[in-house]
Amino acid sequence: MRKFLYVFNKKIKLIIAISLFFAQLISAQASVKVDINIEQPEHHLAQVQLKFETSKAKQVNFYLPTWRTGRYTTLNLANGIREFKAKDSEGNELSWHKVDKHTWQVSGTQGKAIYLSYQIYANELAKRTRHIDDSHAFLDSSAVVMYTKTSRSQEHTIQLSVPKLWKSHSGLVQGENSHQFIANNYDQLVDSPIETGINEHHYFSIDKRKYELVIWGEGNFDSKKMLEDLQVLVQQSKHVWQGYPFKRYVFMVHATSGARGATEHVNSTIIQRSRFKFSERKDYLGFITTAAHEFVHTWNVKQYRPQGIVPYDYQQENYSNLLWLVEGSTSYLQYQLLLRGNLMTTSEFFTALAKRITLHMHKPGQASQSIAQASFDAWISEGGDYGNNHSVNIYSEGFLASWLLDFDILDKTDLAKSYRNVHNQLYQQYRLPLGYKEADVLEIVEQVSGEKYQTWWQENIHGKTKIDFNRLLAKAGLKMSYAKAGNDKSGNKPKAWAGIKTTDGKHGLVITSLEKNSPAWHGGLTTGDVIVAVNGLRINDKDLSNRLNDFKPKQSVTFTYFRRDKLQTTTLKLAEIAKNKLKIIPLAKVSSDQKAFFKAWTGIDFPKNK
Ligand SMILES: [Zn+2]
């Protein structure tokens with residue numbers, strides 16, 4: 001009996017396997033045709049037509065995602081769809097109704113190919129979802145193309161009809177003409193935005209891979225310099241990962257106004273910057289750092305990502321305790337590429353590091369939330385005062401956790417291994433469609449280091465450990481300093497501090513942010529209060545710090561302010577803050593061990609004394 005059952009089970013398994021194979025074959029042949037007609041770009045409008053394969057079901061749900069990859073928050077993508085129509089191949093209209101904000105249910109579909117048409121309104125540049133104007137269109141298909149449960153795995157052919165002089169670019173493979181692209185499936189389609197319009201296009205090849213740079217907009221950029229540096233940048237990934245997950249990669253740049261930020265995609269990125277924020281060194285550094293960040297994502301998140309976001313569920317939030325590893329570690333690894341490629345000097349790196357430490361030291365939120373909790377709640381995270389005082393940030397605190405882990409592994413392995421090895425192992429062992437769990441990351445860290453990490457993980461990822469930055473920096477021969485450049489021996493010279501930031505409002509100084517447990521916090525002030533006088537005298541400064549320079553730490557000061565039109569006063573005792581900006585500098589004496597540590601960490605030599 002048992003043997004019979006075994007053989008029977010085996011037969012069933014074989015039948016299932018064969019039918020699955022044929023089902024896959026059929027669905028591999030099936031395809032969706034997408035036509036996007038940009039006929040009124042000046043009004044931000046396009047007409048979308050979709051043709052779906054013959055349906056077996058009596059009714060079909062057509063969905064638009066509720067978020068787009070790379071931005072962990074729900075977006076109103078379905079707002080902007082009008083004139084929705086569904087027809088069969090004979091042109092008969094099919095009845096439909098909306099089930100929820102992003103689902104259109106079409107009936108009478110059995111045995112019929114389905115043709116959808118709708119208009120999209122695309123006027124959201126900064127969200128990097130869909131934007132159309134008279135000079136270009138940027139289309140992330142998650143905000144443009146609907147899908148069904150079956151069409152998600154099917155090939156998509158996307159044909160654009162655009163004004164005459166426009167040129168179209170995407171990470172997708174080009175089809176029969178220069179405005180046609182092919183995606184293997186819906187996931188690839190939505191992770192390969194299209195930039196079409198009047199644009200600059202450059203390319204280069206390295207290591208049998210083609211790289212493209214597409215720039216839309218005018219500004220003070222130097223595309224020659226950008227190309228030179230991108231060529232260097234793309235060669236640095238070998239210091240972290242063995243192998244490339246692409247044959248072609250496209251850097252898309254918007255030089256524009258009113259939008260800044262960037263998003264990673266499967267073999268492309270979209271980087272938005274203010275048009276005149278390219279030429280000065282600090283601005284350019286911002287551009288190349290962003291390019292490095294997005295390029296790191298090509299591996300970290302586009303090739304391996306936490307189980308909670310594999311596969312992407314476009315209908316709802318995708319939860320994971322590990323978003324800090326997705327974003328914070330990417331922010332950490334970006335410097336590995338920049339330093340090793342000599343695209344950033346050590347002194348620029350120290351400045352960036354000092355900025356991150358300063359930010360962290362004024363972020364009381366670390367006492368309220370762990371980075372694992374912040375990862376899980378990324379979908380509902382808030383910025384501003386509440387974010388700073390009661391939350392941590394998956395980017396900045398995720399960066400610090402990655403740094404701590406890197407130094408710990410370097411330490412424990414006598415510089416033989418680093419956090420870079422952990423990422424290469426994640427790439428080698430957990431490539432999509434797999435997803436990794438926290439236990440998997442922990443196991444890799446333990447494999448790489450040969451040490452136990454359970455306690456470390458609990459303390460630093462799920463706990464709220466305080467970081468001793470000087471102890472950390474000393475390993476690499478560095479320290480924190482508040483001394484001015486040159487011969488200034490003043491060091492950490494304090495100045496009076498209230499813990500608030502203000503902006504010049506119509507009727508006084510409006511409090512824009514306030515640090516928890518600062519003098520202002522204890523004095524009962526809050527954001528939105530309008531300060532009109534200090535110690536009974538009207539404040540005429542545009543900035544509160546000018547006025548506070550007249551006081552000393554520990555001095556008591558009376559603030560007069562309006563709160564919801566009512567005049568009030570409070571007295572607070574000023575605290576102290578370092579007068580100068582924090583800097584990272586070499587220790588007075590640096591040992592050869594510390595220099596070796598620095599080299600193992602950054603890939604470059606310890607800076608020589610000037
Ligand atoms: Zn990122």
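Counting begins at 1 with the first residue of the sequence. Note that ligands are numbered from 1 as they come in the structure, with each ligand's atoms numbered from 1 the same way.
- Side chains of H390 and Q369: no donor on one and acceptor on the other come within 3.5 Å.
- Seen from the Zn ion (ligand 1), atom OE1 of E327 and atom NE2 of H297 lie 100° apart in angle, a value rounded to 10°.
- If you look at H293 and ask which of its N, O or S atoms sits nearest the Zn ion (ligand 1), the answer is NE2.
- Taking the ring axis of F287 as reference, the NZ or CZ atom of K277 does not stay both within 45° of it and closer than 6.0 Å to the ring centre.
- For R260, the CZ atom is loosely surrounded, since the number of other residues' heavy atoms within 6.0 Å does not exceed 12.
- Note on E264: not counted as a metal contact of the Zn ion (ligand 1), no N/O/S atom lying under 2.8 Å.
- For an aromatic pair to be called close, the ring centres must be under 6.0 Å apart, and F606 with F598 satisfies this.
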